[in-house]
Amino acid sequence: MKNVISKNLIIVSLNTSLYDIALIMKNYDVGFILVSNESKIVGVLTDRDIVVKILANKDFKIDGYLSVPIYIDINCSINEALDKMSHEKIKRLIVCDNKKVVGVLSISDLLMHNYDVLNTIKSIYQINKNTDSYDTKVNDFYL
């Protein structure tokens, strides 16, 4: 796993503004940021969290909206990582070595290294979407 993980981590402080986080995500072209309180990771924030959880609630602070960080040991196998991603329905794991954060393992990292991740991706995206309240039909629109 050591040769697959991303080691250049982007970590922001718990009191970083939502605007600054959005700029960091834009400038570094990432959709996932670790959030710390001093030297401890207290959560993760994704671009989807910002839209679906924070802005949809008309809020502009991240406290209370962070996702719980999911960790995996650096000595675990790729299959163990895939199983954990599938079980937790997530695309990224924080990789630790003796309780120290050493990187992030993502589905895209595994794809870039040609690991078979198709079944994991399928299990992550098997979500019942809440579209029942919309009554628009596909054939109601014309070009």
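The first residue of the sequence shown is numbered 1, and numbering continues consecutively from there.
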> Given the rule in the side chain to side chain donor-acceptor pair (under 3.5 Å) test, do S86 and D83 qualify, once you have shown the distances and angles that lead to the verdict?
Replying inline: CA-CA 5 Å; S86 178; D83 287 344; over 6 Å; no

Measure the spacing between [atom1] of [X] and [atom2] of [Y] and express it to the nearest 0.5 Å.
| X | Y | atom1 | atom2 | answer |
| --- | --- | --- | --- | --- |
| S6 | N8 | OG | CG | 7.5 Å |
| I21 | S13 | CD1 | OG | 9.0 Å |
| K91 | K89 | NZ | NZ | 13.5 Å |
| L82 | H87 | CG | NE2 | 14.5 Å |
| L93 | M85 | CG | CE | 4.0 Å |

>> Please give me the minimum heavy-atom distance between M25 and I50, naming the atom from each residue.
In response: SD-CD1, 3.8 Å

> Which heavy-atom pair separates K7 from V102 by the least distance, and what is that distance?
Replying inline: CG-O, 3.8 Å

> Should we count CG of D63 as having more than 12 external heavy atoms under 6.0 Å?
Replying inline: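 Not buried by this count: 12 neighbours or fewer within 6.0 Å.
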
Any link between [X] and [Y] through a network of hydrophobic side chains (Ile, Leu, Val, Met, Phe, Trp, Tyr) touching at under 4.5 Å?
| X | Y | answer |
| --- | --- | --- |
| I24 | L66 | yes |
| I70 | V101 | no |
| L9 | I5 | no |
| Y71 | V4 | no |
| I107 | I94 | no |

Is it true that the side chains of [X] and [Y] contain a donor and an acceptor less than 3.5 Å apart?
| X | Y | result |
| --- | --- | --- |
| S67 | K53 | yes |
| S17 | D20 | yes |
| S77 | N79 | no |

>> Run the side-chain hydrogen bond (donor to acceptor under 3.5 Å, both in side chains) test against D73 and tell me which residues pass, sequence neighbours left out.
In response: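 For D73 the side-chain hydrogen bond (donor to acceptor under 3.5 Å, both in side chains) partners, ignoring immediate neighbours, are N75.
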
Scan the side chains in residues 26-45 for donor-acceptor partners under 3.5 Å anywhere in the protein, sequence neighbours excluded, and list what turns up.
unit_1, atom_1, unit_2, atom_2, d
N27, ND2, L23, O, 3.3
S36, OG, E38, O, 3.4

> Is the shortest heavy-atom distance from the side chain of L18 to the side chain of I54 under 4.5 Å?
Replying inline: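 Yes, side chains in contact.
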
> Going by heavy atoms in the side chains, are R92 and L105 under 4.5 Å from each other?
Replying inline: no

